[in-house]
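Down below is the structure, laid out as structure tokens.
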Amino acid sequence: MEYFWYVIAAVGAGVGTGLAGLSAATVMVPILIVLCPSFSGEYGPYQATAIALTSDILGSAVTSATYAKNKKIDLKHGWIMLVCIISMSTLGSYVAYLAGSQVLGGFTLFLTFCIGIRFLVKPDSSNQAADNAGVKLSAKEIAVSLFFGLTIGFGTGFVGTGGGMMMLVVFTMFLGYELKTAVGTSTFIMTFTALIAFISHTLIHPAIVLERADVLVICIVTATIASRLSAQFANRVSNRTVGLVTGAALTLLGAAMIYLNYFRDAALPLILTEILQTILHLLIFLVIVVAIALFCFGVLGVKGELRRKFLHIIAFLTTPVMAAAQEHWYVVAIVAFLFAIVVYPILSLLEHTKYYPSILQERAHGEIKRSLLLLFFLEAGLVAIFWGFLGSKMTVILAILVWGIGDCTAALVGKRFGKHRVGWRIADNHKTYEGSAGMFLVDFIILLICLPMAGVSWPVTVLTGLVISICAAFVELISRHGYDTVSVPVAAAILIYLVLQI
């Protein structure tokens, strides 16, 4: 059975390399260490990393050759990265050997998941400054190349990633490469860095070659063929298609591997039953509130900012509704995650219809789907940390209510009654004192109602409610560019958790 997973891991690794310049380790290592018992020993993840690096050598070579034929390689900005990465990869290999299986394996699983999310949020990494890719390196670009080159080089040896994902981000976001040129350039560099990292891994732990020769042959051949075919496909389709396909695959893979690694002994049928029941409760809630929303939109004529915030409140309330009906935190976190990855592609399809803009009224193209993706992933994170790890369900519910309803109130009051803009340097100058006051008042009322239900005495409720409401309104006020979606709930959750421990 393990040979089946060897082939699957190699195919996935090759496709990731050819499509988006990802290292073989991004896909291969999680599959080997979770699904193959022979890689579960003390140095199993280290050996899996070395095998992935070996597969990267030929896989990256044939991929870069394909991109080179399409004139998608540019080393004018990449040579500094190449030198730095090679110089640091050996050090990373030695540290990885010392770190052992638990650290290395867990880090790789979560890295795969995060990379997938990154591609879903921004499938097309092309930078509008791509025309600058051929000019001479500026001092800022040299500094960026040195910093990321040294960092990626260490990561190449430590995680066995080859640095493909990070190089892709640096080339597109900082050095102005369009996606396909960034992929071609990063895979060209990975050909050499993977070779150096594999040699250092083998010298440190020779058993890789002596004990895993069959796995090496299978993975190298399969990954090389898959890399070539996927690279040819990537050069025939749009950047967006490549990003979405890669993001969906890596997100699902990372989530599945994390589940298998950390919840292997759970009662799977029972969990599935609870997940389905929670999804059913969520759908019932959504049917009711969406019907109310459509009535308000169509009959009462609700529109503009009020319509936007009505929909925002519906989205915010989904997790508290699930939490109120469910005893297990991981079920709520899983459903929130699943809801995010299902809603995003659905909205991507619907946004091209004529009814989508009139109903959702986006401020910018793709705003709603990106906001929902971030919202549900953040709520899943709050559930995992404050309910799962710290054991406080009420913290999650209250933090989301303070964040969601308070933020909507600030926007509505600020739009309707805001006349005095905040002039502080640290504040968002589009926000008003009236909006912040509205958020403070609503949050204070929510806490006055809910904290006593959690067993907090009235004197403590009044005092801490004031503090939390002021802090939430202040954090929302100074958060720029939509970062209040992260800063406010995190700050509120920390304060509420501390209060509930009194």
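Values reported hereafter were calculated over all heavy atoms of this structure, with side chains retained and with hydrogens, waters and symmetry mates removed.
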Next item on the list: Find out whether Leu451 and Trp458 are in side-chain contact, i.e. whether some heavy atom of one side chain is under 4.5 Å from a heavy atom of the other.
Entry: no
Note to self: For a side-chain contact (heavy atoms from CB on, under 4.5 Å) check, start with the C-alpha distance between Leu466 and Phe440, then their side-chain angles and the critical distance, and finish with the verdict.
What the structure shows: CA-CA 8 Å; Leu466 284 171; Phe440 160 76; 3.8 Å; yes
Next item on the list: Of all the heavy-atom pairs spanning Gly18 and Ser230, show the shortest one and how long it is.
Entry: CA-OG, 3.2 Å
Check: Once you round to the nearest 0.5 Å, how far does CG of Leu398 lie from SG of Cys450?
Finding: 5.0 Å
Item checked: Closest contact, heavy atoms only, Val413 versus Gly438 -> CG2-CA, 4.5 Å
Next item on the list: Kindly give the heavy-atom pair with the smallest separation between Leu500 and Ala454, and that separation in Å.
Entry: CD2-CB, 3.8 Å
Next item on the list: May I ask you to decide if Ala323's main-chain N or O and Lys393's side chain share a donor-acceptor pair within less than 3.5 Å?
Entry: yes
Checklist line | Nearest heavy-atom neighbours spanning Leu477 and Thr432 | finding: CD1-O, 4.5 Å
Next item on the list: Output yes when a side-chain donor or acceptor of Ser436 lies under 3.5 Å from a complementary backbone atom of Tyr433, and no otherwise.
Entry: no
Check: Do you know which two heavy atoms are closest between Met439 and Ala410, and how far apart they sit?
Finding: CB-CB, 3.8 Å
Notebook entry, point to check: Looking at OG of Ser392 and CZ of Phe386, how far apart are the two atoms once the value is rounded to the nearest 0.5 Å?
Noted result: 9.0 Å
Checklist line | Side chain to side chain, Val383 and Tyr330, heavy atoms closer than 4.5 Å | finding: no
Next item on the list: Determine, stepwise, if the pair Thr464 / Leu498 fulfils side-chain contact (heavy atoms from CB on, under 4.5 Å).
Entry: CA-CA 10 Å; Thr464 57; Leu498 294 175; over 6 Å; no
Item checked: Distance, nearest 0.5 Å, that separates OG1 of Thr409 from CG of Leu441 -> 8.5 Å
Margin query: Could you tell me if the side chain of Pro489 sits less than 4.5 Å from the side chain of Ile400, heavy atoms only?
Written below: no
Check: Hey, what do you get for CG (Leu401) to CE (Met394), rounding to the nearest 0.5 Å?
Finding: 9.5 Å
Margin query: Quick one, Leu412 and Phe417 - any side-chain contact, counting heavy atoms below 4.5 Å?
Written below: no
Margin query: Between Leu447 and Val402, is there a side-chain heavy-atom distance shorter than 4.5 Å?
Written below: yes
Item checked: Working for side-chain contact (heavy atoms from CB on, under 4.5 Å), residues Leu282 and Val321 -> CA-CA 7 Å; Leu282 177 60; Val321 167; 5.7 Å; no
Item checked: Spacing of OG1 belonging to Thr319 relative to CD belonging to Gln326, to within rounding of 0.5 Å -> 12.5 Å
Margin query: Do Tyr497 and Leu390 make a side-chain contact, defined as non-hydrogen atoms from C-beta onward lying under 4.5 Å apart?
Written below: yes
Notebook entry, point to check: Would the Phe337 and Phe376 ring centres measure less than 6.0 Å apart?
Noted result: no
Next item on the list: Please examine the side chains of Glu274 and Glu327, heavy atoms only from C-beta on, and report whether any two atoms are closer than 4.5 Å.
Entry: no
Checklist line | Lys431 side chain to Ala411 backbone, donor-acceptor under 3.5 Å | finding: no
Next item on the list: Grab the two heavy atoms, one from Pro320 and one from Ile397, that are nearest each other, plus how far apart they are.
Entry: CB-CG2, 4.2 Å
Notebook entry, point to check: Should we count CD of Gln501 as having more than 12 external heavy atoms under 6.0 Å?
Noted result: yes
Next item on the list: Using a 4.5 Å cut-off on heavy atoms from C-beta on, say whether the side chain of Phe316 contacts that of Glu379.
Entry: yes
Check: When rounded to the nearest 0.5 angstrom, what distance separates OG1 in Thr395 from CD1 in Ile496?
Finding: 6.5 Å
Next item on the list: May I ask you to decide if Val183's main-chain N or O and Ser186's side chain share a donor-acceptor pair within less than 3.5 Å?
Entry: yes
Next item on the list: Might you work through the side-chain contact (heavy atoms from CB on, under 4.5 Å) test for Phe444 and Ile468, ending with a clear yes or no?
Entry: CA-CA 8 Å; Phe444 185 53; Ile468 295 172; over 6 Å; no
